[in-house]
Amino acid sequence: MNKSKKLKKHVIIAGTPRAGKTTVCLELLKYGFIHYKMDSIKRGICEAFGYDQHDWNFLNTKIAKLINTILIENGTDTVAGLEYYAIDTCHVLPRDVSIFDKDVLVIYLGYADIGADKKMEEIRFNDKEHYWSSKVDDKDLRRMIEANINLSREIREECRENGIKYFDTSFNRNVVLKEVVDFILKNCTQ
């Protein structure tokens, strides 16, 4: 992809934790996107206002509305047309996508087809000291992985039902993530 192509829309990369969302966003920085990491923003909101950051049902709809406001504000700001965002979030479900403008590309990443043991092995192999998963013991991480595999399956089905692009990073992760970047660049540049 030609890096000199002009950006023409925002992208929301949603899905389960440790599916590759941040990795994709960091690659998109090379093409001029500005990365918004909603996990950090969510933690800040929860800390500042006393919310429980694990209250997913409450937070998902709120985070979707927050992202939508950020995108709308970008269109009214003096930077309109100059900044395009790659928003990385695990807090927007396919059922919430309808609030976004049709000119916002929304895609999902998950790992619906991998077993918990294999995903645990992959995460532990790639863990770095600053990753949240490196601070979680194996028992709790395994429980989270099992929940995220189930969530990936739900997201994949909702994406199918709603015509939203879903990429599964269960296997050949680096190859799939390159396909994700290529798909985004094809759909967000001119």
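Being a predicted model, the structure only gives us computed values, none of them experimental.
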If only atom types and distance count, is the side chain of [X] paired as donor or acceptor with the main-chain N or O of [Y] below 3.5 Å?
X: Asp137; Y: Lys139; answer: yes
X: His10; Y: Tyr85; answer: yes
X: Glu158; Y: Arg95; answer: yes

[X] versus [Y]: any side-chain heavy-atom pair under 4.5 Å?
X: Lys8; Y: Thr189; answer: no
X: Ile155; Y: Pro94; answer: yes
X: Ile45; Y: Tyr51; answer: yes
X: Phe125; Y: Met120; answer: no
X: Ile107; Y: Val180; answer: yes
X: Gln190; Y: Leu7; answer: no
X: Ser134; Y: Lys128; answer: no

[X] side chain to [Y] side chain, donor-acceptor N/O pair below 3.5 angstrom:
X: Tyr131; Y: Glu129; answer: no
X: Thr22; Y: Lys37; answer: yes
X: Tyr111; Y: Asp168; answer: no

Identify whether [X] and [Y] are in the same connected component of the hydrophobic contact network (ILVMFWY, side-chain heavy atoms under 4.5 Å).
X: Tyr36; Y: Val92; result: yes
X: Ile12; Y: Ile99; result: yes
X: Ile184; Y: Leu29; result: no
X: Ile63; Y: Phe49; result: yes
X: Met38; Y: Leu151; result: yes

Which atom names give the shortest non-hydrogen contact between [X] and [Y], and what distance separates them?
X: Val11; Y: Cys188; answer: CB-SG, 4.2 Å
X: Lys21; Y: Thr16; answer: NZ-O, 2.7 Å
X: Ala112; Y: Ser152; answer: N-CB, 3.6 Å
X: Ala86; Y: Ile13; answer: CB-CD1, 4.4 Å
X: Ala64; Y: Asp96; answer: CB-CB, 4.0 Å
X: Cys25; Y: Asp88; answer: SG-CB, 3.6 Å

Is Lys118 atom NZ crowded by more than 12 heavy atoms from other residues, nucleotides or ligands, each under 6.0 Å away?
no
Exceeds 12 heavy-atom contacts within 6.0 angstrom, atom CD of Glu47:
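12 or below, so no.
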Rounded to the nearest 0.5 Å, how far does [atom2] of [Y] lie from [atom1] of [X]?
X: Arg143; Y: Ile145; atom1: CZ; atom2: CD1; value: 11.0 Å
X: Asn174; Y: Thr169; atom1: CG; atom2: OG1; value: 10.0 Å
X: Ile123; Y: Asn148; atom1: CD1; atom2: CG; value: 8.0 Å
X: Glu179; Y: Asn172; atom1: CD; atom2: CG; value: 9.0 Å
X: Ile34; Y: Leu28; atom1: CD1; atom2: CG; value: 12.5 Å
X: Leu109; Y: Ser170; atom1: CG; atom2: OG; value: 11.0 Å

For this output row, return yes or no: ring centroids of Phe183 and Phe167 closer than 6.0 angstrom.
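Judged by ring-centre distance (under 6.0 Å), Phe183 and Phe167 do meet the cut-off.
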Check for me whether the distance between the ring centres of Tyr166 and Tyr108 falls short of 6.0 Å.
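That pair fails the under 6.0 Å test.
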Salt-bridge contact [X]-[Y] (side-chain N to carboxylate O under 4.0 Å):
X: Asp101; Y: Lys9; answer: no
X: Glu121; Y: Arg124; answer: no
X: Arg18; Y: Glu122; answer: no
X: Asp182; Y: Lys178; answer: yes

One pair to check against salt bridge (Lys or Arg N to Asp or Glu O under 4.0 Å): Glu157 and Arg153. What are the steps and the verdict?
CA-CA 6 Å; Glu157 186 57 35; Arg153 291 173 181 154; over 6 Å; no
Excluding sequence neighbours, so at least two apart, what forms side chain to side chain donor-acceptor pair (under 3.5 Å) with Thr89?
none
Please report, to 0.1 Å, the donor-acceptor pairs under 3.5 Å made by any side chain of residues 65-73, with sequence neighbours excluded.
residue, atom, partner, partner atom, Å
Thr69, OG1, Lys65, O, 3.0

Considering the options Asn162, Val97, Ile87, which one meets the side chain to side chain contact (heavy atoms under 4.5 Å, CB included) requirement together with Val106?
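Only one option passes, and that is Val97.
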Partner of Asp113 under salt bridge (charged side-chain N to carboxylate O under 4.0 Å, His left out), chosen from Lys119, Arg156, Arg173:
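Going through the options one by one, the only one that passes is Arg156.
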